[in-house]
Amino acid sequence: MKLNRRIFTFATTAALTLCTSMSFAGEALDRVMAAGVLNVATDANWAPQSFINDNNEMDGFDIDVAREIAKRLSVEVEFITPSWDIITAGKWNGRWDLSVGSMTPTKSRAEVLAFPGVYYYTPASIAVHKDSPFEEVSDLNGKAIGAGTATTFELYLQHDLQIDAEGVPAFEYQLTAENKSYKDSTAAMDDLRLGDGVRLNGMVGSLPAILSAIEANYPLRVLGDPVFYEPLALAIDRGDAEFNDKLAGILADMKADGTLTALSVKWYGIDFSSTGG
Amino acid sequence: MLFADTVVPDPAVHKPKVMAIMLAASFVIFSLMGLNDTVLGEFMRPAIGEPTESGLFGNLAIGLVISMLFTGNIVLIGFLPFRIQVLVVWLELLLLFLAFFYSFGLDFAFIRSKVWFMISQGVFTTLYISAISITLASIVAIFGAVAKLSSNGFAYAIASFYTSFFRGLPLLMQVYLIYLGLPQLGYVIDAVPAGILALTLCYGAYMTEIFRAGIQSINKGQWEASRSMGFKFGLTMRRIILPQAMPLIIPPTGNQFIAMLKDSSLVSVIGVWELMFLARTLGNKDFKHMEMLITAALIYWCLTMCLEVIQSRIERHYRTISH
Amino acid sequence: MSKPIIQMIGVNKWYGTFKALTSVNFTVNKGDKIVVCGPSGSGKSTMIRTLNWLEAHQEGKIIVNGIEMHKKMKNVDEVRMDVGMVFQHFNLFPHMTVLQNLMAGPMWVRGIKEDEARSTAMKFLERVRIPEQAKKFPGQLSGGQQQRVAIARSLCMKPKVMLFDEPTSALDPEMVSEVLDTMIELAKDGMTMVCVTHEMGFAKAVADRVIFMDEGSIIEESDPVNFFDNPQNPRTQNFLSQILQH
């Protein structure tokens with residue numbers, strides 16, 4: 001598959017000036033069905049949701065969900081890995097059809113993207129260095145806190161997080177801290193592991209990601225209870241209601257028949273698929 | 001090499017004053033570094049006892065030993081002939097660097113499991129993107145240079161605007177502008193062609209200046225001789241001027257290629273699986289970024305060194321035929 | 001008497017505000033051998049370079065082969081093909097062999113086939129007595145040999161007139177005569193020639209007319225016997241006394 005991808009990119013390159021694919025607003029479903037391929041945008045840097053595994057292929061919870069959706073659409077799946085800010089910027093122009101990238105459906109994102117449905121909820125927590133003196137979230141007021149740029153975690157730190165989805169418990173901003181932006185959560189954890197206060201005093205990230213970092217011997221600990229629960233949704237470009245409904249239907253089926261629960265347990269050991277509880 | 005005089009003074013490092021200053025300075029620096037709790041302290045255990053409890057005495061003792069080794073090393077290297085000197089200093093610096101990397105406690109089994117994929121996917125992609133881009137950039141540069149040298153105000157204006165714009169913007173911004181901006185005009189460009197286009201335009205702008213200088217360096221007499229025989233502009237350019245300008249153009253173009261090899265890492269932001277992209281992502285699941293970053297760094301370095309060797313061969317080749 | 005090959009009528013030329021040529025009138029007929037001399041900066045090189053319009057003139061008329069040279073002309077290359085030029089610094093193409101230098105013009109602009117161009121080139125190389133250097137690059141030849149190649153290169157274009165712009169000034173003294181011998185032979189074969197040179201022996205041997213220029217003007221024009229033995233203008237006398245006193 002990797003080789004095919006390479007040959008494909010090579011061919012595209014050779015036809016540099018010729019390779020036009022015009023905008024297909026509202027035609028996403030037709031395009032997917034006609035091509036028989038669902039192009040899914042995802043982050044390659046987001047274990048355990050999506051990452052490159054030991055066989056150098058895309059793997060993870062998001063990847064499994066995307067594969068399942070493609071299977072139920074009876075099409076092949078291809079993964080594309082642009083940087084996160086390019087995905088969230090919208091206006092995909094048919095470069096890819098769907099994002100299964102643990103995206104929180106915020107109000108501002110809803111202006112450029114459509115969200116066919118939430119497929120799981122993760123708790124967002126605060127991590128600090130294991131040798132740090134902090135005991136409660138409020139101890140971190142005025143400290144340097146890291147988060148991935150353009151993430152909900154950063155929006156939380158900036159007190160600008162508006163989640164537009166059902167079934168999410170209300171939350172309040174528990175701290176006012178100095179926000180430091182990182183390329184992704186892992187980069188923030190890399191700085192935090194250098195020691196408390198070396199570059200960061202803490203970071204906000206998804207609890208599963210923090211836990212897997214701790215498992216990989218990062219000297220971190222989780223501080224207090226989750227600060228908010230974030231619903232994580234499929235995202236598509238705006239303008240194709242039919243595609244939206246089709247995906248929503250598939251998602252409902254996957255919830256109902258326990259597929260999502262099974263995948264969540266497979267990757268997290270916990271069922272994150274139903275409620276934010 | 002600078003044009004050396006025939007009189008050869010003693011090497012500076014063999015003057016007693018310089019030696020004394022070196023010894024004193026390195027003694028102060030190494031002592032202040034407080035190396036008691038490092039492997040060096042362990043090494044000095046017979047002399048200073050328990051390293052962590054040896055305090056100031058330990059620091060000074062370690063500082064003295066290291067500074068003597070350091071100074072002695074430099075003085076000894078000073079006796080060697082030029083080539084050996086270069087070799088020894090290279091090896092010592094290389095060892096220091098590798099020791100620095102080694103001190104991170106890297107997981108070499110993990111590196112071994114990933115390095116082939118980094119080469120087969122990452123290096124391959126990096127190389128072919130750079131090779132296509134440098135070829136296209138050279139073509140752009142020829143036209144840019146001719147336009148910049150022309151007396152046609154329109155051509156000059158376009159060419160100078162082009163070089164000014166694309167030299168004035170960060171390459172990363174050009175990558176974004178092309179990848180995200182072109183679709184606004186109704187042309188959806190894929191990631192790899194967008195990256196190649198950005199590299200081509202950016203390097204084409206720099207290389208326009210290289211080509212311009214190359215063309216300008218050709219003696220006016222060559223133009224006059226061609227003209228006096230009735231050669232038209234295109235013929236003169238193609239058969240007389242450019243073939244003579246090439247020896248001046250190719251060496252700096254090789255340099256540009258080496259620079260481009262590294263700048264091509266910027267296209268990783270639009271999801272092209274080249275070397276830098278893999279360096280950032282492969283270690284992600286197992287939290288082994290340092291392993292992948294260092295591996296990629298060494299691969300980049302090796303590639304660059306290979307290209308530098310090829311580059312110097314090309315330079316030598318052109319030097320010998322032009323004289 | 002046939003139509004003149006070159007006519008300059010009242011030609012004026014400026015470099016910016018500096019006046020390089022002043023009212024130059026001058027005619028070259030078929031078969032003429034004309035030597036132009038004068039002190040440095042007198043405009044003689046400028047004059048010869050306006051003949052095939054490597055330099056532009058601003059006033060007056062230059063007519064070559066019946067075609068007037070001017071800024072908007074379309075057929076300048078046709079004129080230049082018929083006007084051979086030999087430069088002070090040879091201006092051979094250093095990246096091409098001697099043979100390629102000679103074949104380039106005929107093949108690229110005259111559309112001559114390669115075989116024919118090669119045999120013509122070899123013929124002229126033999127005429128300038130260096131056929132054995134055909135495969136070498138210009139950089140491997142001596143100055144005198146390079147200049148003879150340059151002459152042969154011009155001859156390969158079958159020009160109607162040859163212009164020589166100080167062809168021996170850049171040569172080491174021992175090589176001057178081999179180039180002059182070639183030029184004398186050429187003159188004897190009936191080639192129409194305009195030569196800017198200080199070689200007075202050459203002028204005496206072949207010139208029909210000698211032109212003396214100073215400060216952008218033609219001061220004196222006469223046959224060589226009169227020119228050398230009985231110069232009229234004091235500036236000519238002064239010039240001749242300086243270059244002939246050794």
Side-chain angles (χ1 to χ4, degrees), chain B residues 138-139 141-142 145-146 149-156 210-254 313-323, chain C residues 45 48-56 64-65 74-97 100-111 137-140 146-147 149-151 153-159 161-165 170:
Chain B
S138 304
I139 295 168
I142 291 177
V146 170
L149 291 170
S150 90
S151 49
N152 180 332
F154 197 64
Y156 179 83
I210 294 175
F211 275 67
R212 189 179 61 89
I215 291 170
Q216 270 187 317
S217 72
I218 302 305
N219 192 311
K220 167 166 151 273
Q222 294 292 311
W223 287 98
E224 290 185 340
S226 307
R227 221 167 263 167
S228 76
M229 290 202 292
F231 295 2
K232 293 193 190 313
F233 174 80
L235 180 68
T236 307
M237 202 69 200
R238 218 170 55 243
R239 307 299 288 265
I240 306 297
I241 304 300
L242 281 180
Q244 294 184 58
M246 277 304 149
L248 294 143
I249 288 171
I250 286 177
T253 298
R313 291 253 161 120
I314 293 175
E315 258 176 58
R316 205 180 315 154
H317 172 74
Y318 279 115
R319 254 205 310 270
T320 49
I321 55 173
S322 64
H323 289 290
Chain C
S45 271
I48 202 169
R49 287 156 60 83
T50 56
L51 295 182
N52 63 352
W53 247 57
L54 288 182
E55 305 272 0
V64 180
N65 253 339
K74 296 266 187 290
N75 48 356
V76 65
D77 292 324
E78 286 167 35
V79 175
R80 285 172 177 166
M81 274 184 236
D82 289 335
V83 180
M85 184 144 193
V86 175
F87 299 86
Q88 181 179 359
H89 295 286
F90 332 136
N91 295 350
L92 293 173
F93 305 132
H95 59 299
M96 294 155 68
T97 63
Q100 286 168 335
N101 266 278
L102 266 61
M103 291 162 66
M107 283 169 64
W108 298 345
V109 300
R110 289 244 192 248
F137 285 91
Q140 298 166 294
Q146 289 192 51
Q147 194 59 295
V149 171
I151 294 170
R153 178 175 69 174
S154 285
L155 291 174
C156 283
M157 292 292 287
K158 307 272 172 69
V161 55
M162 290 277 284
L163 310 178
F164 292 84
D165 184 3

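Residue numbers begin at 1 in each chain, while the letters A, B, ... track the order of the sequences.
With chain B as partner, the option from C:Met81, C:Arg110, C:Arg153, C:Met96 having the largest number of non-hydrogen pairs under 4.5 angstrom is C:Arg153.
One N or O on the side chain of C:Asn91 and one on the backbone of B:Gly221 form a donor-acceptor pair closer than 3.5 Å. For the pair C:His95 (side chain) and B:Ala245 (backbone), a donor-acceptor distance under 3.5 Å is absent.
Looking at C:Val109, only its side chain comes within 4.5 Å of chain B, counting heavy atoms on both sides. Neither the backbone nor the side chain of C:Leu163 comes within contact range of chain B; no heavy atoms are under 4.5 Å apart. Within the 4.5 angstrom heavy-atom criterion, atoms from both the backbone and the side chain of B:Ile240 approach chain C.
Side-chain contact between B:Pro243 and C:Phe93 is absent, with no heavy atoms from C-beta onward closer than 4.5 Å.
Rounded to the nearest 0.5 Å, atoms CE (B:Met229) and CG (C:Asp82) are 13.5 Å apart. Considering CH2 of C:Trp108 and NZ of B:Lys232, their distance stands at 15.0 Å, rounded to 0.5 Å.
In terms of heavy atoms, B:Phe231 sits closest to C:Asp77 at O-OD1, 4.0 Å.
Exactly one of C:Met85, C:Arg49, C:His89 qualifies for a side chain to side chain contact (heavy atoms under 4.5 Å, CB included) with B:Glu224. That residue is C:Arg49.
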